[in-house]
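Beneath this line is the structure, given in structure tokens, with notes to follow.
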Amino acid sequence: EHESVQRENIERLLDCISRLSDRARRIVRAGLDGSRAEDLSEALGMSPNAIYQARFRAHASLQKCMAQVTPDVPDKGARSIPNPLPQQER
């Protein structure tokens, strides 16, 4: 049962990610892969601060999408999406 719930959550998350803009998807993916905002900013022609802001907005959009898809899950705020940066870099 746990595996099926986990699989459904992953499928819903992938669906929500597919609804993001190309740039937002790339930023989210890069963060999950451990890329630094400074490195990504060069590739996308954005400042590191703009990358952080775009990442925050993308995470908020994903959280909202997941809440809409699963209305029985209580809203846990921005903390429900883990920060991809290790603790010491926050």
Side-chain angles (χ1 to χ4, degrees):
E1 180 182 340
H2 175 70
E3 286 183 23
S4 67
V5 170
Q6 194 174 26
R7 189 175 308 117
E8 288 175 18
N9 285 338
I10 290 170
E11 288 174 10
R12 283 195 303 267
L13 180 58
L14 291 174
D15 179 60
C16 290
I17 288 171
S18 74
R19 298 175 191 206
L20 295 173
S21 69
D22 289 339
R23 184 171 73 175
R25 275 197 309 273
R26 187 170 178 189
I27 290 170
V28 167
R29 176 60 191 251
L32 293 173
D33 288 342
S35 296
R36 295 171 7 130
E38 291 78 10
D39 298 333
L40 190 57
S41 69
E42 293 176 19
L44 295 179
M46 300 168 66
S47 72
N49 189 49
I51 296 291
Y52 288 120
Q53 289 175 355
R55 186 179 291 162
F56 176 84
R57 289 184 189 117
H59 286 181
S61 293
L62 290 174
Q63 185 177 35
K64 183 177 180 181
C65 178
M66 290 294 288
Q68 289 174 349
V69 173
T70 57
D72 57 333
V73 176
D75 184 13
K76 296 180 183 177
R79 295 179 183 263
S80 64
I81 298 175
N83 187 325
L85 296 177
Q87 186 67 29
Q88 68 270 17
E89 293 182 20
R90 290 184 189 169

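To the nearest 0.5 Å, atom CD of residue Glu8 and atom CD of residue Glu3 are 12.5 Å apart. Summarising the geometry, atom OH belonging to Tyr52 is positioned 10.0 Å from atom CG belonging to Leu40; distances are rounded to the nearest 0.5 Å. We find the CD-SG distance between Gln63 and Cys65 to be 11.0 Å, quoted to the nearest 0.5 Å.
Comment: Arg19 engages Asp15 in a salt bridge, judged by a side-chain N to carboxylate O separation of less than 4.0 angstrom.
Hydrophobic cluster of Ile10: the remaining members, joined at side-chain heavy-atom separations below 4.5 Å, are Leu14, listed by chain and number.
Legend: residues meeting side-chain hydrogen bond (donor to acceptor under 3.5 Å, both in side chains) with Arg57, ordered by chain and number and at least two apart, are absent. Residues meeting the side-chain hydrogen bond (donor to acceptor under 3.5 Å, both in side chains) test with Arg23, sequence neighbours left out: none. For Ser41, the side-chain contact (heavy atoms from CB on, under 4.5 Å) partners two or more places apart in sequence, or in a different chain, are Pro48, Ile51. Residues forming a side-chain contact (heavy atoms from CB on, under 4.5 Å) with Ile17 (at least two apart in sequence, or on another chain): Leu13, Arg25, Leu62. Scanning for side-chain contact (heavy atoms from CB on, under 4.5 Å) contacts around Asn49 gives Ser47, Gln53, with sequence neighbours left out. Applying the salt bridge (Lys or Arg N to Asp or Glu O under 4.0 Å) criterion to Glu38, with sequence neighbours excluded, gives Arg36.
Note on Leu20 and Leu32: same hydrophobic cluster, where clusters join Ile, Leu, Val, Met, Phe, Trp and Tyr whose side-chain heavy atoms are under 4.5 Å apart, directly or indirectly.
Between Met66 and Asn9, the closest heavy-atom pair is CE-O, 3.9 Å.
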